[in-house]
Amino acid sequence: QREKERIDDSEDAANYRGTEHIGKLGVEQSFETTLHGQTGVERMETSAGGHAVRRLASHPATPGNTVMLSIDIKLQKLVEDMFGDRRGALVAIDPRNGEILALVSKPTFDPNLFVEGIDVENWQALNESIDKPLLNRALRGTYPPGSTYKPFMALAALELNKRSPTQVYNDPGFYSYGGRTFRSHEGGLGGVDMVRAIQFSSNTYFYSLAVDMGVDTIHDFMKPLGFGQITGIDLNGEVRGVLPSTEWKRNTYKRPELKRWYSGETVSLG
């Protein structure tokens with residue numbers, strides 16, 4: 001309580017009270033009810049001198065339940081050590097059953113600072129750091145998926161009959177559309193079919209495919225695969241990614257000129 005009163009005297013008090021990082025974090029926060037159990041109580045009759053005379057009532061404590069994690073602690077430590085001082089996130093998933101084997105957000109912080117209430121100096125250091133250690137990047141960071149998106153685009157092309165695997169397209173190292181040049185591999189890859197386009201990550205091939213499909217077709221195919229959706233991980237605070245569509249843009253932007261989806265935007269989406 002004393003520590004919290006010290007924070008309340010600072011200008012950051014409002015931010016402190018609103019943060020998710022008070023007291024409990026991660027698994028402990030999400031499974032508080034399961035882990036906590038119930039506190040035991042004894043009602044005693046005492047003499048005027050404070051000596052116990054007799055027990056009036058007794059309710060024994062009930063221990064909390066066990067939560068078994070899927071985390072591989074050796075893998076978790078390995079990843080944290082390999083990150084060093086760099087910023088980023090990594091989530092390692094067992095593809096056989098979806099279990100989380102490692103979940104790392106760097107840089108991180110010492111959660112013990114919050115156990116008894118954090119002091120003003122440490123709170124300001126964490127809250128004002130340019131590295132944002134309080135941000136759980138694994139759950140709340142939103143990043144472009146990069147070329148890992150391309151195989152899903154290829155799958156969409158096959159399912160929707162937009163491409164055959166053997167069709168060959170020329171990759172000169174760029175893609176021109178609407179008076180703008182979108183870059184790919186310097187010097188180009190030459191003729192690429194679908195397999196080669198994935199193997200060498202041909203931007204030109206997938207730029208063209210995206211334009212042929214259109215943003216709403218891409219959206220409708222990708223949504224059931226989990227893009228732009230909450231994963232449902234049993235930790236609090238997960239942020240939904242963005243899977244663009246014409247409807248999404250109309251609802252997101254206020255200025256009329258920004259509500260319209262331009263076909264040139266679809267190029268990079270692919």
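The ring-ring contact (aromatic ring centres under 6.0 Å, His included) analysis of residues 209-229, with sequence neighbours excluded, yields the pairs Tyr149-Phe227, Phe152-Phe227.
Using a 3.5 Å distance cut-off with no hydrogens or angles, the side chains of Lys150 and Asn203 do pair a donor with an acceptor. Using a 3.5 Å distance cut-off with no hydrogens or angles, the side chains of Trp261 and Thr266 do pair a donor with an acceptor. Under 3.5 Å, the side chains of Tyr207 and Ser268 contain no donor-acceptor pair of N or O atoms. Side-chain contact, Arg240 with Thr231: no donor N or O sits under 3.5 Å from an acceptor N or O.
Take Arg137 and apply the salt bridge (Lys or Arg N to Asp or Glu O under 4.0 Å) test, not counting sequence neighbours, and it matches no residue. Applying the side chain to side chain donor-acceptor pair (under 3.5 Å) criterion to Lys162, with sequence neighbours excluded, gives no partner residue. The side chain to side chain contact (heavy atoms under 4.5 Å, CB included) test applied to Thr166 returns Ser164, not counting sequence neighbours. When the side chain to side chain contact (heavy atoms under 4.5 Å, CB included) test is applied to Asn122, the partners found at least two apart in sequence or on another chain are Leu113, Ile118, Asp119.
Counting heavy atoms from C-beta outward, Ile218 and Met153 have side chains that approach closer than 4.5 Å. Side chains of Pro145 and Thr148 form a contact here, defined as non-hydrogen atoms less than 4.5 Å apart. Residues Ile71 and Leu101 have side chains not in contact (no heavy-atom distance under 4.5 Å, counting atoms from C-beta outward). Using a 4.5 Å cut-off on side-chain heavy atoms (C-beta onward), Thr181 and Tyr175 make no contact.
Interatomic distance, OG1 of Thr46 versus NE2 of His51, reported as 9.5 Å (0.5 Å rounding). Annotation: the span from Arg87 atom CZ to Lys106 atom NZ amounts to 13.5 Å, rounded to 0.5 Å.
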In a table with atom names and distances, give each donor-acceptor pair under 3.5 Å that connects a side chain of residues 55-69 to protein atoms at least two apart or in another chain.
residue: Arg55; atom: NE; partner: Glu42; partner atom: OE2; Å: 3.1
residue: Arg55; atom: NH2; partner: Glu42; partner atom: OE2; Å: 3.2

